[in-house]
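The structure under discussion appears below in the form of structure tokens.
All ligand and atom numbering here is 1-based and tracks the order in the structure.
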Amino acid sequence: MPTPSKLTNQINSGQLTIDWDDGTQQVLSHLLLRSHCQCADCKKWQRDARQALVVSPEIRLTGIEPVGHYGLQLHFSDGHKRGIYPWPYLRGLSEVPEPTWER
Ligand SMILES: [Zn+2]
């Protein structure tokens with residue numbers, strides 16, 4: 001399994017760039033990352049509400065903490081920081097469509 005060799009968090013554009021040690025580069029929006037939080041709270045909310053998480057496009061990734069050798073714990077500007085994103089899950093997020101935002 002590839003692991004990230006470099007993480008670049010672009011607050012202004014709201015994007016996280018991950019350079020993997022197999023040479024691939026992945027760009028993920030902060031909105032997409034927050035929308036796909038897998039923590040127990042977010043899963044429960046989605047189960048109860050029977051819909052995907054509703055996240056403001058203004059959401060920003062404010063902190064990144066390594067979790068062992070298998071993933072990242074991401075902190076967001078809404079105060080949410082419980083989500084853990086294992087490497088295979090992060091890689092898979094490239095296949096997921098960007099969330100749409102309707103006012
Ligand atoms: Zn969560």
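In this structure, the side chains of Q46 and L53 come closer than 4.5 Å at one or more pairs of heavy atoms. Taking 4.5 Å as the limit, some side-chain heavy atom of W87 sits within range of a side-chain heavy atom of L72.
The tally of protein N/O/S atoms under 2.8 Å from the Zn ion (ligand 1) stands at 4.
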What's the verdict on side chain to side chain contact (heavy atoms under 4.5 Å, CB included) for R34 and R60, showing C-alpha distance, side-chain angles and the deciding distance? CA-CA 9 Å; R34 178 66 183 87; R60 286 297 178 263; over 6 Å; no

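By the side-chain hydrogen bond (donor to acceptor under 3.5 Å, both in side chains) test, E95 is found to be paired with no residue, residues two or more places apart in sequence or in another chain being considered. Applying the side-chain hydrogen bond (donor to acceptor under 3.5 Å, both in side chains) rule to K44 yields the partners D48; only residues at least two apart in sequence or on another chain are considered.
Through side-chain heavy atoms spaced under 4.5 Å, either directly or across other Ile, Leu, Val, Met, Phe, Trp or Tyr residues, I84 is tied to V67, Y70.
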